Protein chains: 2
Amino acid sequence: MKEKSHLLLKEQLCFPIYATSRMVTRLYQPWLDKLGLTYPQYLVMLVLWEEQKLTVSQLCKRLYLNTNTVTPLLKKLRDKGLVAKERSTEDERTVHIELTQKGDKLKSQAEEIPANLVEAIDMPLEELKQMRELMWKFLSKFD
Amino acid sequence: MKEKSHLLLKEQLCFPIYATSRMVTRLYQPWLDKLGLTYPQYLVMLVLWEEQKLTVSQLCKRLYLNTNTVTPLLKKLRDKGLVAKERSTEDERTVHIELTQKGDKLKSQAEEIPANLVEAIDMPLEELKQMRELMWKFLSKFD
DNA sequence: TATGATTATATCGCACACGACAAAAATAAA
DNA sequence: TTTATTTTTGTCGTGTGCGATATAATCATA
């Protein structure tokens, strides 16, 4: 008897996560355009709106991203005048990131986004929450 | 009374999907290295192992990707000798993609991947299935 | 049967992600 | 206190994703 392959697309975890992630990015696009932010830049801003000030490595940890991704992102955000970078005096290896006034102000423009997205996605709120919780649980394995 | 912000990272859908997707990619990496494939190249192969032969646009639809992403992927896979491209004779706009013998053979090497991944993720199988189903439901909104 | 619109694929440019590696500062160990 | 190791940040190269656009083939319709 020939064994059934486990490589069917429908059975994979890799594929729907990947496709869903990109699809969500597309849904955010029109709103992020209004803010003049790319998707990863928006994620950095989300953290900063919550934390006010942290180091590059703390930011990396929060986002599960490497410095070689975050450093150029921060450069772009600084060029837009949204964040400020300052090398620490106690430990000169670390760099502190904080919002500028302009960066802080952008938050109020972003407040409308979550509700609009939920509407665009058109799925029961309960299911979205479930997805979110399962993924946070997944991510917690890698802290 | 000041209203609560809805921009907390924990409440977003965008962030955990994004981070989870990248994390899953990282988990696949060591096994894909053995096959000499990148992650998106692997996804293309998953479709082809299931379909044998289809057009570029059908492949794009299956993967929720645009041609401008898929075309270079196919070029790479052809360079590796895994797929063949042939312009259709009935409709000369379309290009048919099919596995080479080498591409077909790679499938048996890939069969071990799913089980290894489930083990690496270390989450109840039921929850992984739940995530998968929710995401497929989400994706179906965009067919 | 012209010709304007649509479709299928491809090219180009920009912005990530990330592995490999580099540089500088801090810490630990001999 | 040298010296080796670790930590923090950064640079560089490769491979996607995707918007904008190009090109060629097909279709629709006057």
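Note that these values count all heavy atoms, side chains included, but never hydrogens, waters or copies made by symmetry. Here the structure is a predicted model, which means the values were calculated and not measured.
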Handout entry: Pair of N/O donor and acceptor under 3.5 Å linking D:dT9 base with A:R93 side chain
Key = no

Problem - Pair of N/O donor and acceptor under 3.5 Å linking C:dG19 base with A:N68 side chain - result: yes

Quickly work out the [X] [atom1] to [N] [atom2] distance and round it to whole Å.
X     : N      : atom1 : atom2 : result
B:N66 : D:dG19 : CG    : C1'   : 9 Å
B:L65 : D:dG15 : CG    : C1'   : 13 Å
B:L77 : D:dG15 : CG    : C1'   : 12 Å
B:L73 : C:dT9  : CG    : P     : 15 Å
B:L63 : D:dT16 : CG    : P     : 13 Å
B:Y28 : C:dC18 : OH    : C1'   : 19 Å
B:E90 : D:dA24 : CD    : P     : 21 Å
A:Y64 : C:dC18 : OH    : P     : 13 Å

Exercise for the section: Compare every heavy atom of A:P114 with every heavy atom of B:Q12, then report the nearest pair and how far apart it is. Expected result: OE1-CG, 4.0 Å

Practice task
Scan B:K61 against the nucleic acid and name what it touches under 4.0 Å (heavy atoms): base, sugar-phosphate only, or nothing.
Solution key: nothing

Practice task
Give one of base, sugar-phosphate or nothing for A:Q29, where a contact means two heavy atoms less than 4.0 Å apart.
Solution key: nothing

Of the nucleotides [options], which one has an atom closest to the side chain of [X]?
X     : options                : value
B:E92 : D:dC18, D:dA25, C:dT9  : D:dA25
B:T38 : C:dC16, D:dG15, D:dT9  : D:dG15
B:D91 : D:dC18, D:dA25, C:dA10 : D:dA25
A:T71 : D:dT8, C:dT9, D:dT11   : D:dT11
A:K75 : D:dT9, D:dT11, D:dG15  : D:dT11

Practice task
Check step by step if side chain to side chain donor-acceptor pair (under 3.5 Å) holds for A:Y28 and A:D33.
Solution key: CA-CA 9 Å; A:Y28 272 81; A:D33 286 347; over 6 Å; no

Indicate whether OP1 or OP2 belonging to [N] is found under 4.0 Å from a side-chain N or O atom of [X].
X     : N      : result
B:R87 : C:dT9  : no
B:Q58 : C:dA8  : no
A:T94 : D:dT7  : no
A:K76 : C:dC16 : yes

NZ/NE/NH1/NH2 to OD/OE distance under 4.0 Å, [X] and [Y]:
X      : Y     : result
A:R62  : A:E50 : yes
A:E92  : A:R87 : no
A:E133 : B:K10 : no

Practice task
Could you check B:T100, B:L48, B:L99, B:L37 and say which one makes a side-chain contact (heavy atoms from CB on, under 4.5 Å) with B:L106?
Solution key: B:L37

Exercise for the section: For A:T67 and for A:T25, locate the closest nucleotide of DNA chain D by heavy-atom distance; then report the residue assigned to the nucleotide nearer the 5' terminus. Expected result: A:T67

